[in-house]
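Here's the structure, in structure tokens; my notes come after.
Below, read A as the first sequence line, B as the second, and so on, with proteins coming before strands; counting in each chain starts at 1. Computed from heavy atoms alone, side chains included, the values below leave out hydrogens, waters and symmetry copies. All of these numbers come straight from a predicted model, not from anything done at the bench.
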Protein chains: 2
Amino acid sequence: MGITKSEIFTPQQNRLASLAKVLGHPARIAILEQLFKIKTCVCGDLVEEIGLAQPTISQHLKELKNIGLIKGEITGTRVCYCIDVENWEEMKNTLSSFFDLSLPENHCC
Amino acid sequence: MGITKSEIFTPQQNRLASLAKVLGHPARIAILEQLFKIKTCVCGDLVEEIGLAQPTISQHLKELKNIGLIKGEITGTRVCYCIDVENWEEMKNTLSSFFDLSLPENHCC
DNA sequence: ATTATTAATCGTAATATTGCAATATATAAA
DNA sequence: TTTATATATTGCAATATTACGATTAATAAT
């Protein structure tokens, strides 16, 4: 059906999955890495840098913005995108907590 | 087109995205949490626990296994699944490294 | 041998995602 | 005002994902 049965999971599970899902595309990883690399905001340039069509990049940026990982500010005809530092830290913690769940001790395999 | 242009990204970017993608479904998050919770292997029971049909759970388990987050061992008619501790740690580090990229200092927004 | 149990696979329907051309929008420059 | 520039939105085609009923495979129990 292609539809996720979100209603049978906890808000935490759904939130974590949503966050991971947004990170689940190499173009979005590349965009985020570029934002880190240039140490400031991206005002365009991502299209040439990444090599996907402008509408495609725009769409990926939208998803990153929706989940709160980046934010954009319009300056003239350009839009400057940068990491949303506060949310970034929060999501880092969300993922860390999950991965820090204490590992099982009694293996049967 | 529904097809990701993996070839224009680095292996690292694709690897990270693949890992995140697998975590991008609440059922798979729930399965992993359950594996942690019971502190041992899951031999069935996931179907009742999670509330999706048996083929659906089986499919999710397959994806978790493919990426290496869990491993399974056949014992009789049952299959015991548990966290693949070694890979788990590796993936934790992969994600941590990404999130620990030093945050940009010069904000323009 | 037959039956029960458990999990994987197949087939299929519904929905989501990816990517881009075409277009729209909105500001800057001339 | 007209034109150029940058980004968003729309519409669509191709592919992927999710979910599950039906079936299969493989062992256990009777």
Where do N or O atoms of nucleotides 27-29 of chain C meet protein N or O atoms at under 3.5 Å, pair by pair?
none

Can you name the atoms? Protein N/O to nucleotides 20-22 of chain C N/O, anything below 3.5 Å, with the distance.
{"unit_1": "C:dC20", "atom_1": "OP1", "unit_2": "B:Lys5", "atom_2": "NZ", "d": "2.6"}
{"unit_1": "C:dC20", "atom_1": "OP2", "unit_2": "A:Ala53", "atom_2": "N", "d": "2.9"}
{"unit_1": "C:dC20", "atom_1": "OP2", "unit_2": "A:Thr56", "atom_2": "OG1", "d": "3.2"}

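Of all non-hydrogen atoms in B:Thr4 and A:Pro26, the two that sit nearest each other are CG2-CG, 3.7 Å.
Atom CD1 of B:Ile67 is separated from atom C1' of D:dT17 by 15 Å (rounded to the nearest Å). Atom NE2 of A:His60 is separated from atom P of D:dT9 by 15 Å (rounded to the nearest Å). Protein atom CD1 of B:Ile31 is 13 Å distant from nucleotide atom C1' of C:dA7, rounded to whole Å. Rounding to whole angstrom units, CD of residue A:Glu63 and C1' of D:dA8 are separated by 14 Å. If you take NZ of A:Lys62 and C1' of D:dA8, they are 8 Å apart, rounded to a whole angstrom. What separates NE2 of B:His25 from C1' of C:dA16 is a distance of 11 Å, to the nearest Å. Whole-Å rounding puts the A:Leu61 CG to D:dA6 P distance at 15 Å. Atom P of nucleotide D:dA6 and atom CG of A:Leu46 are separated by 13 Å, given to the nearest angstrom.
One N or O on the side chain of B:Trp88 and one on the backbone of A:Phe99 form a donor-acceptor pair closer than 3.5 Å.
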Under 3.5 Å, side-chain donor or acceptor atoms of residues 51-60 of chain B against the rest of the protein: list the pairs with distances, not counting sequence neighbours.
{"unit_1": "B:His60", "atom_1": "ND1", "unit_2": "B:Arg28", "atom_2": "NH1", "d": "2.9"}

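Under the 4.5 Å side-chain criterion, counting only non-hydrogen atoms from C-beta, A:Leu23 is in contact with B:Phe98. Two residues are said to be in side-chain contact when any heavy atoms from C-beta on lie closer than 4.5 Å; A:Glu73 and A:Lys71 fail this criterion. The closest side-chain heavy-atom distance from B:Leu64 to B:Tyr81 is not below 4.5 Å.
Contacts with DNA chain C (heavy atom under 4.0 Å) in residues 9-20 of chain B: none are found.
Within the structure, a side-chain polar atom (N or O) of A:Tyr81 is placed less than 4.0 Å from OP1 or OP2 of D:dA8. Dashed line: the shortest gap from a side-chain N or O of A:Lys21 to OP1 or OP2 of C:dT17 is under 4.0 Å.
Evaluation of the side-chain hydrogen bond (donor to acceptor under 3.5 Å, both in side chains) rule for B:Asn66 yields no partner, not counting sequence neighbours. Considering only residues two or more places apart in sequence or on other chains, A:Thr94 meets the side-chain hydrogen bond (donor to acceptor under 3.5 Å, both in side chains) condition with none of them.
Across all strands, B:Lys65 comes closer than 4.0 Å to no nucleic acid atom at all (heavy-atom distances). Using a 4.0 Å heavy-atom distance criterion, A:Thr4 is classed as a sugar-phosphate-only contact.
When distances are taken from the side chain of A:Ile3 to each of C:dA8, C:dT15, D:dT15, the shortest belongs to C:dT15.
Considering OG of B:Ser96 and CG of A:Asp100, their distance stands at 7.5 Å, rounded to 0.5 Å. Atom NE2 of A:His25 sits about 7.5 Å away from atom OG of B:Ser6, to the nearest 0.5 Å.
None of B:Ile31, B:Leu19, B:Leu35 except one satisfies the side chain to side chain contact (heavy atoms under 4.5 Å, CB included) rule with B:Leu69; the exception is B:Leu19.
A salt bridge is absent between B:Asp84 and B:Lys65: the closest approach of a Lys/Arg side-chain nitrogen to an acidic carboxylate oxygen does not fall below 4.0 angstrom.
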